[in-house]
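Note that the numbering runs from 1 along the sequence shown for the chain.
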Amino acid sequence: MSVPTSRRSSKQKAAPTRAAAFRRRLLAWYTRHRRDLPWRGERNPYAVLVSEIMLQQTQVARVRDYYPRFLARFPTCEALAAAAADAVRESWDGLGYYARARNLQRAAQHIVAECGGQVPARPEELRRLPGIGRYTAGAVASLAYGAPVAAVDTNAARVLARVFRIRGPAATRSRRVWSRAESLVPPARPADWNQALMDLGALYCVARTPRCARCPVRRVCASAPA
């Protein structure tokens with residue numbers, strides 16, 4: 001049975017309309033209510049890399065104290081690359097997941113030896129560094145270099161899956177979430193956009209009991225309660 005043209009047209013228009021409204025509302029909210037974090041607004045690629053590695057599987061509250069201390073001790077890629085492994089481990093002590101510290105130092109050594117001390121700007125080049133996956137590569141490229149690329153962490157993935165009601169098996173859902181994320185990145189504000197998604201997921205669109213009643217994008221969310 002064929003679908004009438006008018007019905008097809010309305011469905012085809014629904015997704016881009018929701019996407020545009022979602023992006024507009026989320027950026028407006030973020031501009032006024034962004035979280036005040038020590039690394040927020042940082043554009044030094046090395047400092048951004050340090051913050052993103054620290055934030056892997058670790059709560060923001062724990063990273064707040066470690067981040068400035070670590071940068072004070074190892075302020076550049078060169079300093080970290082040349083440091084004793086025990087010194088790096090000591091600076092990371094208590095933050096957990098210590099393989100991250102080893103990978104970060106190995107990444108710094110690669111950057112110094114192969115990239116002239118400059119953190120790569122392209123996501124595909126960043127992903128060649130130890131411990132750097134798709135999310136971290138996108139985050140560093142967008143936050144440090146303003147590249148219009150997506151950075152989908154757990155919070156952002158949850159937001160996008162709910163707003164656009166993306167379902168299905170895990171692998172399929174992940175592909176669709178990333179595809180949606182890539183289509184939404186505003187070329188003029190990629191850093192703000194990626195951080196806005198993370199903030200919304202951390203503050204309102206939380207995993208177990210989402211705070212839908214106060215969510216700034218509830219009117220355009222396909223999963224919001226009626």
Side-chain angles (χ1 to χ4, degrees), residues 23 26-27 30-31 34-60 62-83 88 91-92 95 97 100-157 178 181-202:
R23 184 162 57 185
L26 183 55
L27 283 173
Y30 178 77
T31 298
R34 71 184 72 192
R35 288 184 291 178
D36 182 17
L37 302 173
W39 50 87
R40 187 58 56 86
E42 179 62 68
R43 290 295 180 266
N44 179 312
Y46 168 68
V48 172
L49 178 64
V50 170
S51 69
E52 289 300 329
I53 295 295
M54 284 190 168
L55 287 164
Q56 290 175 354
Q57 298 179 298
T58 303
Q59 294 181 344
V60 166
R62 295 191 65 196
V63 177
R64 280 180 182 270
D65 294 331
Y66 282 84
Y67 173 74
R69 292 202 302 263
F70 191 90
L71 284 182
R73 189 166 185 181
F74 310 109
T76 64
C77 268
E78 289 80 5
L80 180 57
V88 177
S91 295
W92 204 274
L95 195 56
Y97 298 101
R100 292 179 300 167
R102 295 191 295 272
N103 283 333
L104 180 57
Q105 184 173 33
R106 288 171 56 208
Q109 291 166 344
H110 177 91
I111 291 167
V112 170
E114 305 295 334
C115 306
Q118 182 64 40
V119 176
R122 296 167 61 85
E124 56 269 29
E125 295 173 349
L126 285 160
R127 292 185 70 175
R128 298 190 186 110
L129 299 176
I132 305 297
R134 188 176 183 182
Y135 160 74
T136 303
V140 173
S142 62
L143 302 184
Y145 294 106
V149 295
V152 182
D153 69 347
T154 302
N155 283 328
W178 271 96
E182 289 166 348
S183 73
L184 286 168
V185 179
R189 298 181 65 183
D192 283 352
W193 175 252
N194 286 329
Q195 291 177 119
L197 282 172
M198 298 174 209
D199 278 10
L200 187 72

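Taking both residues in full, the closest heavy atoms of A107 and P130 are given as CA-CD, 3.8 Å, listed atom of the first, atom of the second, then distance. Residue A202 comes nearest to R35 through the heavy atom pair CB-NH1, 3.7 Å, listed as atom of the first residue, atom of the second, then distance.
The pair R106-E114 does not count as a salt bridge, with every side-chain nitrogen at least 4.0 angstrom from each carboxylate oxygen.
In the displayed structure, R40 atom CZ is contacted under 6.0 Å by more than 12 heavy atoms of other residues, nucleotides or ligands. Within 6.0 Å of CD on E124 lie more than 12 heavy atoms contributed by other residues, nucleotides or ligands.
Side-chain atoms of E42 do not come within 3.5 Å of backbone N or O of A47 as any donor-acceptor pair. A donor-acceptor pair under 3.5 Å is absent between the side-chain atoms of D199 and the main chain of Y30, judged by distance alone. Remark: the backbone N or O of P38 is not paired with any side-chain donor or acceptor of R64 at under 3.5 angstrom. Judged by distance alone, with hydrogens and angles left aside, the side-chain atoms of R69 form no donor-acceptor pair with the main-chain N or O of S91 at under 3.5 Å.
No option in Y67, F70, Y66 other than F70 meets the ring pair (Phe, Tyr, Trp, His ring centres under 6.0 Å) test with W92. Results of the side chain to side chain contact (heavy atoms under 4.5 Å, CB included) test with I132 over L104, I53, V140 single out I53 as the only residue that passes.
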### Message
Using side-chain hydrogen bond (donor to acceptor under 3.5 Å, both in side chains), reason through T31 and R189 one step at a time and then give a plain yes or no.
### Response
CA-CA 11 Å; T31 298; R189 298 181 65 183; 3.0 Å; yes
